[in-house]
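Everything on this sheet refers to the single structure shown next.
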Amino acid sequence: MNSLTKIAFLVVALTAAACTSPNRFGGNSVDLNDSTGGFGPLGSVDDPSSPAFFNERVGDRVLFAVDQSTLSAEAMVVLDGQISWLMENPDYAAVIEGHADEQGTREYNLALGARRANAVREYLITGGIAASRIQTVSYGKERPIAVCSEESCYTQNRRAVTVISIASLG
Amino acid sequence: MKRLLVVLIMICTAVPVMAQNGPLRLTITDGVIEPLPFALPSFQAESVASVEMAQNISRVIADDLTGTGLFRQIPSSAFISQQETFTQAIAFPDWRAINAQALVIGAVAVNGDQVVVKFRLYDVFLGQEMGSGMQLVSSVSGWRRLAHRVADQVYARITGESGYFDSRVVYVAESGPKDNRQKRLAIMDYDGANVQYLTGNVGLVLAPRFSPTGDRVLYTSFESGFPRINVLEVANVAPRQLATQAGEMAFSPRFSRDGRQVIYSLANGGNTDIWRTDLATGRHTRLTAAPSIETAPSFSPDGQSIVFESDRSGSPQLYIMSAEGGEARRISSGAGRYGTPVWSPRGDLIAFTKQNAGRFHIGVMRTDGSEERLLTASFLDEAPTWSPNGRVIMFFRETRGAQGVPALYSVDVSGRNLRQVPTPTAASDPSWGPLQN
């Protein structure tokens, strides 16, 4: 690809990321936790260049302590894997989604989620990923993945998820 | 001139008749614990076609008054005299005998698509009319507003304060499971009637806020995939995106009291600060510049100050700054975390959400942070909004666990009279609009 094509491609990829992101939670969305290993839209988990591989083998999310946006050592290991993957798969762009648990007000949790998403973004950029490939969004406490009102759920909800996407070539 | 508090607090319920030595006046203070008894004979129907309407209007007026917790309706079964017509002389001794302090009589006529309501309010013990008789007209479809306007008149004449019944609330109607909640904007009368949906399923919508005149609503929408502020014209339900300062996310908007400016939170590089946008000029002004989270801003009624939430001290607390930004002074000082401050329309109090020891509370404090009082407690109480007269606070309460759902509640600023506001679906983020009449 010449550089102009690359830029055009990137724009398309980013646009696609922005468009698909909000619908992931809806009824028609693809289940990112699907571990059937089939060749769905996310590809096979055994294919190192597939989104499925990224989501499950590399790990698409990191967790945070209460009220914190500091990356743990464990989180950094996951993000180092994300950096390697994004380096090897330059056609993908990412939206980092920041989330919070339900302990806190809506407004504060939106801001806290933004902090968490940005902590991940900064780490990826420091690791060499182009800033233009990474957007952030916060859902605050609006989109828990675990619904109980106990710490066992809260710990899963205090997360930043790296959602990758690529423009369809079809 | 106004002699105060004629309504004695009834300590002994055996006292048959309460003493009154001046005009009827209920002073709303923390001391009022005994609701004022009133009689409201079903309004006279002036034609056969008006019978049902007369009953409905009478019921809504009575519900408005009793719903405040300040008034108690005397059942018609206790009536000695019947008030057959609007013009019939009032048999005051008969109403005194059943301890009615206020008497509301009225008549309703339906003429084609029009409803006409007449009413008079009496101070039973003085045997005098309070204020003047009044006649109100509306279309048939607007009959509930007529009833609310009558109730507002009764409330205002007896308490000396403006009412809040002819008002609307915009809120978020919720459906679906907790991990995939669908949210739509909805608008309703203050008592939960006449629900109308303002948005479809367009992704998350959060925290609508009425303009001071109730003509517009600000809210946060994820329709674009990222939180942005929309402004919606209530009359034609037309939303458009507000041109804010550029940023990753814009949320938590509120109007100024003159409706000309919007203050909101803007996140950039993960840091959330407060900005102000002038709607006429489109000029954006940054009001805070700190690495901490600054959010949930709310103007004072005089437009000179802004109360907001910040975690600059390490945990979320409440601060007040000039409307031009700059130095802020912390006002919250108790244990726990404070958020969602909202300045009372009377200017004297700040309502807030407080989180402490695993519980959420709605509370109020003076603007200097003194006299903090917690009005509610539950697993999750959040997002207070003031009634137009600053006497009642509406908020949402969400239940615990996987099946947890939010519902709207109201509570007196005294902490009494906690009531659920009925809504057809789960509901959150109420914003109470102005008095319409």
Side-chain angles (χ1 to χ4, degrees), chain A residues 14-27 29 66-67 69 95-99 102-122 125 131 134-151 153 156-157 160 163 165, chain B residues 172 176-183 201-204 206-207 220 222-227 247-249 251-252 265 267-273 292-297 308-311 314-316 337-340 352-353 355 358 360 379-380 382-383 398-404 428-429:
Chain A
L14 282 170
T15 309
C19 293
T20 54
S21 170
N23 298 323
R24 290 188 319 103
F25 303 104
S29 68
V66 175
D67 273 353
S69 55
V95 175
I96 319 288
E97 298 176 350
H99 297 269
E102 68 189 3
Q103 308 172 93
T105 61
R106 206 177 301 295
E107 290 84 354
Y108 187 78
N109 280 333
L110 279 174
L112 182 57
R115 254 186 198 164
R116 287 173 175 161
N118 192 65
V120 169
R121 182 173 189 267
E122 293 291 328
I125 290 170
I134 316 166
Q135 290 178 284
T136 57
V137 64
S138 173
Y139 284 90
K141 62 175 173 177
E142 305 305 317
R143 286 292 181 249
I145 50 166
V147 294
C148 72
S149 296
E150 311 291 340
E151 179 55 23
C153 288
Q156 300 173 64
N157 292 334
V163 180
S165 61
Chain B
V172 173
K178 195 170 172 180
D179 57 354
N180 188 21
R181 201 84 96 197
Q182 302 303 305
K183 297 195 173 194
N201 285 317
V202 292
L204 282 172
L206 305 175
T220 302
F222 279 67
E223 194 169 2
S224 69
F226 299 86
E248 290 149 10
M249 306 183 0
F251 59 102
S252 193
S265 292
N268 256 327
N271 179 37
T272 300
D273 274 305
S292 45
I293 288 172
E294 275 72 37
T295 187
F308 64 99
E309 167 184 353
S310 168
D311 68 354
S315 73
R337 304 149 56 97
Y338 294 80
T340 72
F352 55 83
T353 302
Q355 193 187 347
F360 276 77
F379 166 70
L380 203 179
E382 188 177 337
E398 190 155 348
T399 50
R400 185 185 175 91
Q403 306 304 320
S428 63
D429 292 359

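Throughout, a chain's letter reflects where its sequence line sits, starting with A, and its residues are numbered from 1.
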With only heavy atoms counted, which part of B:Arg400 is less than 4.5 Å from chain A, the side chain, the backbone, both or neither?
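Both backbone and side chain.
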
With a 4.5 angstrom heavy-atom cut-off, which part of B:Leu204 approaches chain A: side chain, backbone, both or neither?
->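 The side chain, not the backbone.
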
| said: Heavy-atom count check: over 12 atoms from other residues, nucleotides or ligands less than 6.0 Å from B:Gln403 CD? | reply: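 Check fails, neighbour count at 12 or below.
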
Could you pull out the closest heavy-atom pair between [X] and [Y], with the gap in Å?
X: B:Ile293; Y: A:Tyr108; value: CD1-CE1, 3.8 Å
X: A:Ser149; Y: B:Phe379; value: OG-CZ, 3.5 Å
X: A:Ala114; Y: B:Ala267; value: CB-CB, 4.1 Å
X: B:Met249; Y: A:Leu110; value: CE-O, 3.8 Å

- Query: Top residue by heavy-atom pair count (under 4.5 Å) with chain B, among A:Gly98, A:Gly104, A:Ala146, A:Ser69?
  - Reply: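 The residue among A:Gly98, A:Gly104, A:Ala146, A:Ser69 with the greatest pair count is A:Gly104.
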
- Item | Most chain B-contacting option - heavy-atom pairs closer than 4.5 Å, from A:Glu102, A:Glu122, A:Arg121 |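 Winner by heavy-atom pair count: A:Glu102.
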
Option that, when pairs with chain A are counted at under 4.5 Å, heavy atom only, ranks first among [options]:
options: B:Gly401, B:Ser252, B:Gly339; result: B:Gly401
options: B:Leu380, B:Asn201, B:Thr220, B:Leu206; result: B:Leu206
options: B:Pro177, B:Ser315, B:Gly358, B:Gly269; result: B:Gly269

So what's closer than 4.5 Å to chain B heavy atoms on A:Ala111: side chain, backbone, both or neither?
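It is both, since atoms from each part get that close.
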
| A:Lys141/B:Glu382 salt bridge by N-O under 4.0 Å criterion |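 A salt bridge is present here (some side-chain N lies under 4.0 Å from a carboxylate O).
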
With a 3.5 Å distance limit and no angle check, can you tell me whether A:Arg143 reaches the backbone of B:Arg181 through a side-chain donor-acceptor pair?
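Yes, because the side chain of A:Arg143 sits within donor-acceptor range (under 3.5 Å) of the backbone of B:Arg181.
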
Point-to-point distance, once rounded to the nearest 0.5 Å, from OG1 of A:Thr105 to CD of B:Glu309:
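Result: 4.5 Å between the selected atoms.
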
Please tell me if the side chains of B:Ser265 and A:Glu107 come closer than 4.5 Å, counting only heavy atoms from C-beta onward.
->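 Counting from C-beta outward, B:Ser265 and A:Glu107 never come under 4.5 Å.
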
In the structure I gave you, are the side-chain heavy atoms of A:Leu112 and B:Asp311 within less than 4.5 Å of one another anywhere?
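They are not in side-chain contact.
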
With A:Glu142, which residues qualify under salt bridge (charged side-chain N to carboxylate O under 4.0 Å, His left out), at least two apart?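 A:Glu142: salt bridge (charged side-chain N to carboxylate O under 4.0 Å, His left out) contacts with A:Arg106, B:Lys183.
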
